[in-house]
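I have placed the structure first, in the form of structure tokens, so that the comments after it can refer back to it.
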2 protein chains.
Amino acid sequence: MRIGELASRAGVSVRALRYYEEQGLLESERTPGGQRDYPDTAVERVRFFQSMYAAGLSSRRIADMLSCFDNGTTNAQQRAMLAEERVRIDARIAELMGARGRLEELIVAASDRAG
Amino acid sequence: MRIGELASRAGVSVRALRYYEEQGLLESERTPGGQRDYPDTAVERVRFFQSMYAAGLSSRRIADMLSCFDNGTTNAQQRAMLAEERVRIDARIAELMGARGRLEELIVAASDRAG
DNA sequence: GTAAGACCTGACGCTAACGTCAGATGCAAG
DNA sequence: CTTGCATCTGACGTTAGCGTCAGGTCTTAC
């Protein structure tokens, strides 16, 4: 498929896809006219990127774990990195839950005042 | 206390405190010499900021809910905003847990391969 | 009174994941 | 063949929460 279709199917912008390619995350064939051509599997791949970005990983980090995503094998360094990122995500979740609690306090206190 | 002490007690940089003042989040008295002087309550206040920043709120958003933090009262707009931010945080937590799950899959798959 | 820090006000730098614009080309339809 | 939309390659713009440097002032210990 071409870039526009991939963008809409994966829920990202065309610009984002070109950026992923720049970062070495996403390859593509080219048509004789020079346009990018993606396989169907690219949709899932891009969604994986989005998920990792949403979790706060950098392009570099995602690139480092790509072989792991592609064929399910890892070296020691990758295993350490995966575990490290999991810890980081857990910490982020804890922060967010803390903030949620603070917000909740404000809401409860305010509703008490409001009756 | 002066700015350096507040910074170390709240766990942020001196620059950050001046930035919070710029954004209208943090007031201070001034000594005759022109240096900032903070009350003890500023420590907790700054920690609240950090928690909100960590949850992805902008300075503007935090400023908008400050009166709520200060005296526990809200107007309708603030109540709506607090609820909205809570929803946003919940969504972020869900994203993170999704990403965590994906990572977990990679880890499990890789450990299967590794034996 | 002076040396050493802490603090002051600008003001530019930084980062990362894109947004956006410009000017040119590819491609399917009528 | 041309109309018109999708796509192409640069390349500069954006955003937000600070980092950092420059040059000058305040405070405190000796």
Side-chain angles (χ1 to χ4, degrees), chain A residues 1-39 42-43 45-66 85 88-89 92 95-96 99, chain B residues 1-39 42-43 45-66 85 88-89 92 95-96 99:
Chain A
M1 80 192 77
R2 289 193 296 171
I3 198 170
E5 188 183 346
L6 176 56
S8 73
R9 283 177 58 183
V12 304
S13 70
V14 165
R15 178 67 176 93
L17 295 177
R18 297 203 187 101
Y19 177 73
Y20 300 158
E21 186 171 313
E22 258 180 55
Q23 300 301 307
L25 299 180
L26 189 62
E27 297 164 18
S28 59
E29 303 288 301
R30 294 296 180 124
T31 68
Q35 300 196 348
R36 290 173 180 83
D37 185 31
Y38 299 96
V43 177
R45 196 182 177 85
V46 170
R47 289 195 180 132
F48 175 73
F49 297 159
Q50 285 298 109
S51 185
M52 293 301 110
Y53 279 128
L57 277 76
S58 66
S59 296
R60 182 59 204 276
R61 278 307 219 193
I62 299 174
D64 287 344
M65 64 171 64
L66 257 189
E85 291 301 340
R88 205 190 306 279
I89 290 174
R92 281 290 293 145
E95 279 179 356
L96 284 170
Chain B
M1 80 192 77
R2 289 193 295 172
I3 198 168
E5 188 182 347
L6 176 56
S8 72
R9 284 176 58 181
V12 303
S13 69
V14 165
R15 178 68 177 90
L17 295 177
R18 298 204 187 100
Y19 177 73
Y20 299 159
E21 186 172 312
E22 258 180 55
Q23 301 301 306
L25 298 180
L26 190 60
E27 297 165 19
S28 59
E29 303 289 302
R30 293 295 181 124
T31 68
Q35 301 195 349
R36 290 174 180 82
D37 185 30
Y38 299 96
V43 177
R45 197 181 177 85
V46 170
R47 290 195 179 132
F48 175 74
F49 297 160
Q50 285 299 108
S51 184
M52 294 300 111
Y53 279 129
L57 277 76
S58 65
S59 298
R60 182 60 203 276
R61 279 305 220 195
I62 299 174
D64 288 343
M65 63 171 64
L66 257 188
E85 291 300 341
R88 207 190 304 279
I89 290 174
R92 281 289 293 144
E95 279 179 356
L96 285 170

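In what follows, every chain begins at residue 1, and chains take the letters A, B, ... in the order their sequences are listed.
- Note: CG (A:Asp37) to C1' (C:dC27) measures 14 Å, nearest angstrom.
- Remark: B:Glu5 does not engage B:Arg2 in a salt bridge, criterion side-chain N to carboxylate O under 4.0 Å.
- Contact check of residues 48-59 of chain A against DNA chain D (heavy atom, cut-off under 4.0 Å) returns no residues at all.
- A:Glu22 pairs by the side chain to side chain contact (heavy atoms under 4.5 Å, CB included) definition with A:Arg15, A:Tyr19, not counting sequence neighbours.
- Taking side-chain N and O atoms only, A:Tyr19 has no distance below 4.0 Å to OP1 or OP2 of C:dC18.
- The side chain to side chain contact (heavy atoms under 4.5 Å, CB included) test applied to A:Arg47 returns A:Val43, not counting sequence neighbours.
- Atoms OG and CE, on A:Ser28 and A:Met1 in that order, are 12.0 Å from each other to the nearest 0.5 Å.
- Rounding to whole angstrom units, CD1 of residue A:Ile3 and C1' of C:dC18 are separated by 13 Å.
- Atom C1' of nucleotide C:dA6 and atom CZ of B:Arg18 are separated by 9 Å, given to the nearest angstrom.
- Partners of B:Tyr20 under the ring pair (Phe, Tyr, Trp, His ring centres under 6.0 Å) rule, at least two apart in sequence or in another chain, are B:Phe49, B:Tyr53.
- Residues A:Arg18 and A:Ile3 meet the side-chain proximity criterion, which asks for heavy atoms closer than 4.5 Å.
- Every residue two or more places apart in sequence or in another chain that forms a side chain to side chain contact (heavy atoms under 4.5 Å, CB included) with A:Ala63 is listed here: A:Leu25.
- A:Arg61 is linked by a side chain to side chain donor-acceptor pair (under 3.5 Å) to A:Glu84, A:Glu85, counting only residues two or more places apart in sequence or in another chain.
- Remark: C1' of C:dG5 and CD of B:Gln35 are 11 Å apart, rounded to the nearest angstrom.
- Comparing the axis of the opening five pairs of the helix from C:dG1-D:dC30 to C:dG30-D:dC1 with that of the closing five pairs yields an angle of 0°, rounded to 10°.
- Contacts classified as salt bridge (Lys or Arg N to Asp or Glu O under 4.0 Å) and involving residues 26-39 of chain A (residues at least two apart or in different chains) are given here: A:Glu21-A:Arg30, A:Glu21-A:Arg36.
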Each nucleotide N or O in nucleotides 19-23 of chain C that has a protein N or O under 3.5 Å away: list the pair and distance.
| unit_1 | atom_1 | unit_2 | atom_2 | d |
| --- | --- | --- | --- | --- |
| C:dG19 | OP2 | A:Ser13 | OG | 2.6 |
| C:dG19 | N7 | A:Arg15 | NE | 3.3 |
| C:dG19 | O6 | A:Arg15 | NH2 | 3.2 |
| C:dT20 | O4 | A:Arg15 | NE | 3.1 |

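- With sequence neighbours excluded, no residue satisfies ring pair (Phe, Tyr, Trp, His ring centres under 6.0 Å) with A:Tyr38.
- Atom pair B:Glu5:CD and D:dT27:P shows a separation of 16 Å (rounding to whole Å applied).
- Looking at residues two or more places apart in sequence or on another chain, you find a salt bridge (Lys or Arg N to Asp or Glu O under 4.0 Å) between B:Arg45 and B:Asp70.
- Distance CG/A:Asp64 to OG/A:Ser58: 7.5 Å, rounded to 0.5 Å.
- Whole-Å rounding puts the B:Tyr20 OH to D:dA16 C1' distance at 12 Å.
- For the pair A:Arg60 and A:Gln23, the minimum side-chain heavy-atom distance is 4.5 Å or more.
- Only A:Arg30, A:Gly34, listed by number, bring a heavy atom of residues 21-34 of chain A to less than 4.0 angstrom from any atom of DNA chain D.
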